[in-house]
Amino acid sequence: MTEFERRVTRAIRSIQPGGVATYGEIAEEAGFPGAGRAVGNVLSGSDGLPWWRVVTSTGRLVPGHEAEQARLLTKEGVRVVAGRVR
DNA sequence: TATCTGACGATAG
DNA sequence: CCTATCGCCAGAT
């Protein structure tokens with residue numbers, strides 16, 4: 001477990017149900033501004049984290065997981081329209 | 001030390 | 001709105 005992973009994990013766990021955060025925001029909260037891409041790498045290989053609460057900077061859902069993510073977010077009260085969060 | 005990878009981000013067309 | 005590009009970052013090889 002690297003320092004980066006620990007901090008990113010913490011930031012993601014801090015997202016409240018019914019809310020979402022962008023990769024960039026997570027990277028910032030973790031103390032690694034600009035490392036949004038690396039954040040995605042961590043999420044792809046980790047488990048047990050609320051990955052569905054993370055979206056892209058434009059509000060788009062995670063590429064390749066739209067259906068599942070939309071289902072989970074909607075269940076938490078997040079409005080998802082046309083593969084986008086609102 | 002050099003490369004490659006990918007659940008990113010901003011921008012141009 | 002969509003795709004193509006390019007720049008960036010931490011990790012893995």
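The sequence lines fix the lettering, A, B, ..., with proteins before strands; numbering per chain opens at 1.
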*Passes side chain to side chain contact (heavy atoms under 4.5 Å, CB included), A:Ile15 versus A:Val20? Steps please.*
CA-CA 7 Å; A:Ile15 307 174; A:Val20 298; 5.6 Å; no

*I would like to know whether A:Leu43 and A:Val54 meet side chain to side chain contact (heavy atoms under 4.5 Å, CB included); could you show each step before the answer?*
CA-CA 9 Å; A:Leu43 238 54; A:Val54 182; 3.9 Å; yes

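Not less than 6.0 angstrom separates the ring centroid of A:His65 from the ring centroid of A:Trp52.
Nucleotides of DNA chain B that come within less than 4.0 Å of any heavy atom of chain A span, from the 5' end to the 3' end, B:dG6 to B:dA10.
Searching all strands for a Watson-Crick or G-U wobble partner of C:dT3 with both distances below 3.5 Å returns B:dA12.
Counting to the nearest Å, the P atom of C:dA12 and the CD atom of A:Glu5 are 6 Å from each other. One interatomic measurement links the two molecules: CZ of A:Phe32 to P of C:dC9, which rounds to 12 Å at whole-angstrom precision. Residue A:Met1 contributes atom CE, which lies 11 Å from atom P of C:dA12 at whole-angstrom precision.
Among the atoms of the strands shown, none is found under 4.0 Å from any heavy atom of A:Gly64. Across all strands shown, A:Phe4 has heavy atoms under 4.0 Å from sugar-phosphate atoms exclusively, and none from any base. Among the protein residues, A:Thr2 comes within range of the sugar-phosphate backbone only, with heavy atoms under 4.0 Å from sugar or phosphate atoms but none that close to a base. Within the nucleic acid shown, A:Ser44 comes within 4.0 Å of at least one base atom, counting heavy atoms only.
When each of A:Arg84 and A:Arg37 is assigned the nucleotide of DNA chain C with its nearest heavy atom, A:Arg84 is the one assigned upstream, toward the 5' end.
To the nearest 0.5 Å, atoms CD (A:Glu76) and CZ (A:Arg71) are separated by 10.5 Å.
One finds no salt bridge joining A:Glu29 and A:Arg7 here, because no Lys/Arg side-chain nitrogen approaches an Asp/Glu carboxylate oxygen to under 4.0 Å.
Between A:Ile12 and A:Val42, every side-chain heavy-atom pair lies at or beyond the 4.5 Å cut-off.
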